[in-house]
Enquirer: 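Sharing a structure with you now.
Note on naming: letters A, B, ... go to the chains in the order of the sequence lines (proteins, then strands), and numbering restarts at 1 for each one.
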Number of protein chains: 2
Amino acid sequence: MLDAAAELTYRDGVSIGIEALCRSAGVSKRSMYQLFAGKDDLLAASLERRIPSYVERLAPDPGETVTPRERILGVFERLEEGAALPEFRGCPFLAALVELKDPEHPASAVAGGAKQRLKEVFRAEAERGGARDPDLLSRQLMLVFDGANARAGAGIETLDGLTTTTATVLLDAAGVE
Amino acid sequence: MLDAAAELTYRDGVSIGIEALCRSAGVSKRSMYQLFAGKDDLLAASLERRIPSYVERLAPDPGETVTPRERILGVFERLEEGAALPEFRGCPFLAALVELKDPEHPASAVAGGAKQRLKEVFRAEAERGGARDPDLLSRQLMLVFDGANARAGAGIETLDGLTTTTATVLLDAAGVE
DNA sequence: GAGCGAGGAAACCGATCGGTATACGGGCTG
DNA sequence: CAGCCCGTATACCGATCGGTTTCCTCGCTC
């Protein structure tokens, strides 16, 4: 159910109907309203469920020999890999935030938390790498990350190497080894 | 009519109803369907109308003494000014692209064109400023610009100086005087 | 085999969607 | 003043929205 909801809302947007979600999940509306308080709840839960695998895919737990620079650039390499796939529509959390527009929406809080987790990874690696201003660097990297997601997801940009190149510039300027 | 549509779709998203648009514009549905073929048409036209003032506000025609660097950084300064306002919801064209998801939608083409116009400004100034790779620099700047729009528009980032700082790093790295 | 509860299918609710058609009203031209 | 026409207001269309309820069947327990 959660997986089907995640996939359909990612492909068609949050305005997809509940009926379609249930049909695709093979679950009756009755059952779904026993599991979730409403559409908002379902949406928030389906986003919540995606967070661990999302973060893990982009920034897997580092092995011993991975430098901060490698881990950060790895995020952008994996972003570019994903963006090359035809079904890529950008970061699902960013898309939900933009589509909902309402910061009060339960799903907005979840999506914001997902973005915060990735930013924390950036910040921690920035610190470990000796960046002059780790928080600034992490915010800059998030700008690039989300800009790339929005633009590539909308189909108005092709990333091949663009984000890794840009991130490298920022890492250099921040003094990360 | 176009202005009212622009404002409401910006604030509430493209899924706002036609009825609300007409009421807010003081125009009957009948008249609007004589002026536009349908909602898609209206949406595209209202976005189209915003392009000149949007570009002019962000990147006004340069006076004689404006350097490429100043003109580019001016875009980000104005972005940060706008993002500080409470009604800021991010770039309307980017929001439309993300919300519609459909590149075939007439409004998507218009929105993509608007983004292209801004990128052209960046590219031209990059060239004028002697950037090593003007096209690369303009793409990088658009990443920052759209990332900032998405994040600040969603309320998960505050820009104060973030984008100008980041753009400065990119300009320096590209060798723009 | 009888009784029971969970869950699926589908009808149903009022509201609203994009879009159309009708009816009325007020300002022009003769 | 008569006739006309543009635009507003409004009712209406079928479809779909989020959400609720009814019904009925299936599988489980005693």
Side-chain angles (χ1 to χ4, degrees), chain A residues 1-50 89 92-93 95-111, chain B residues 1-50 89 92-93 95-111:
Chain A
M1 175 81 245
L2 289 176
D3 295 334
E7 189 192 328
L8 278 191
T9 57
Y10 179 56
R11 205 189 50 191
D12 298 332
V14 299
S15 61
I16 181 79
I18 280 197
E19 197 114 19
L21 294 182
C22 292
R23 198 177 330 119
S24 152
V27 168
S28 72
K29 287 172 78 175
R30 176 198 173 91
S31 303
M32 102 96 82
Y33 275 103
Q34 279 172 224
L35 295 171
F36 306 97
K39 192 188 182 183
D40 295 353
D41 226 45
L42 168 63
L43 189 53
S46 83
L47 284 183
E48 181 93 54
R49 181 176 161 91
R50 300 186 70 154
R89 290 280 186 287
F93 306 104
L97 283 166
V98 172
E99 288 172 35
L100 293 174
K101 289 189 189 296
D102 175 15
E104 308 292 319
H105 195 291
S108 291
V110 173
Chain B
M1 173 82 247
L2 289 176
D3 295 333
E7 189 192 328
L8 278 191
T9 55
Y10 179 54
R11 205 189 50 191
D12 299 331
V14 299
S15 61
I16 181 77
I18 279 196
E19 198 115 19
L21 294 181
C22 291
R23 196 176 332 116
S24 152
V27 168
S28 72
K29 288 173 76 175
R30 178 199 169 91
S31 302
M32 101 96 79
Y33 275 103
Q34 279 172 224
L35 295 171
F36 305 98
K39 192 187 182 183
D40 295 354
D41 228 44
L42 168 63
L43 190 52
S46 83
L47 284 182
E48 180 93 55
R49 180 177 161 91
R50 299 187 72 154
R89 290 281 187 285
F93 306 105
L97 283 165
V98 172
E99 289 172 35
L100 292 173
K101 289 187 188 297
D102 175 15
E104 308 292 318
H105 194 291
S108 291
V110 173

Enquirer: Please examine the side chains of A/Lys39 and A/Val14, heavy atoms only from C-beta on, and report whether any two atoms are closer than 4.5 Å.
Expert: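 Side chain of A/Val14 against side chain of A/Lys39, heavy atoms only: no contact under 4.5 Å found.
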Enquirer: Identify the heavy atoms of B/Ala95 and A/Val98 that sit nearest to each other, and give their distance.
Expert: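 Reported closest heavy-atom pair: CA-CG1, 4.3 Å.
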Enquirer: Just how far, in rounded Å, is P of D/dG18 from CG of A/Leu43?
Expert: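 From A/Leu43 CG to D/dG18 P: 11 Å.
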Enquirer: Would you jot down, in residue-number order, the residues of residues 21-36 of chain B having a non-hydrogen atom under 4.0 Å from DNA chain C?
Expert: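 B/Lys29, B/Arg30, B/Tyr33, in order of number.
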Enquirer: How many whole angstroms separate atom CD1 of B/Ile18 from atom P of C/dG19?
Expert: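 For the pair B/Ile18 CD1 and C/dG19 P, the rounded distance is 5 Å.
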Enquirer: Round to a whole Å and report the spacing from CD of A/Glu19 to P of C/dA9.
Expert: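 It works out to 11 Å between those atoms.
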Enquirer: As an exercise, state the distance from CZ of A/Arg23 to CG of A/Leu8, rounded to the nearest 0.5 Å.
Expert: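 Output value for this atom pair is 9.5 Å.
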Enquirer: Hey, does A/Leu43 have a side-chain heavy atom less than 4.5 Å from the side chain of A/His105?
Expert: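 Yes, their side chains come closer than 4.5 Å.
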Enquirer: In whole angstrom, give the distance that lies between atom CD1 of B/Ile16 and atom C1' of D/dC17.
Expert: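 Taking atom C1' of D/dC17 as the reference, CD1 of B/Ile16 is at 15 Å.
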Enquirer: How close do A/Ser108 and A/Asp102 get, counting heavy atoms only, and between which atoms?
Expert: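 Heavy-atom minimum between the residues: OG-O, 2.7 Å.
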Enquirer: Between A/Ser24 (side chain) and A/Ala20 (backbone), is there a donor-acceptor pair under 3.5 Å?
Expert: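 Not at all, since once roles are kept as given, no pair shorter than 3.5 Å links the two residues.
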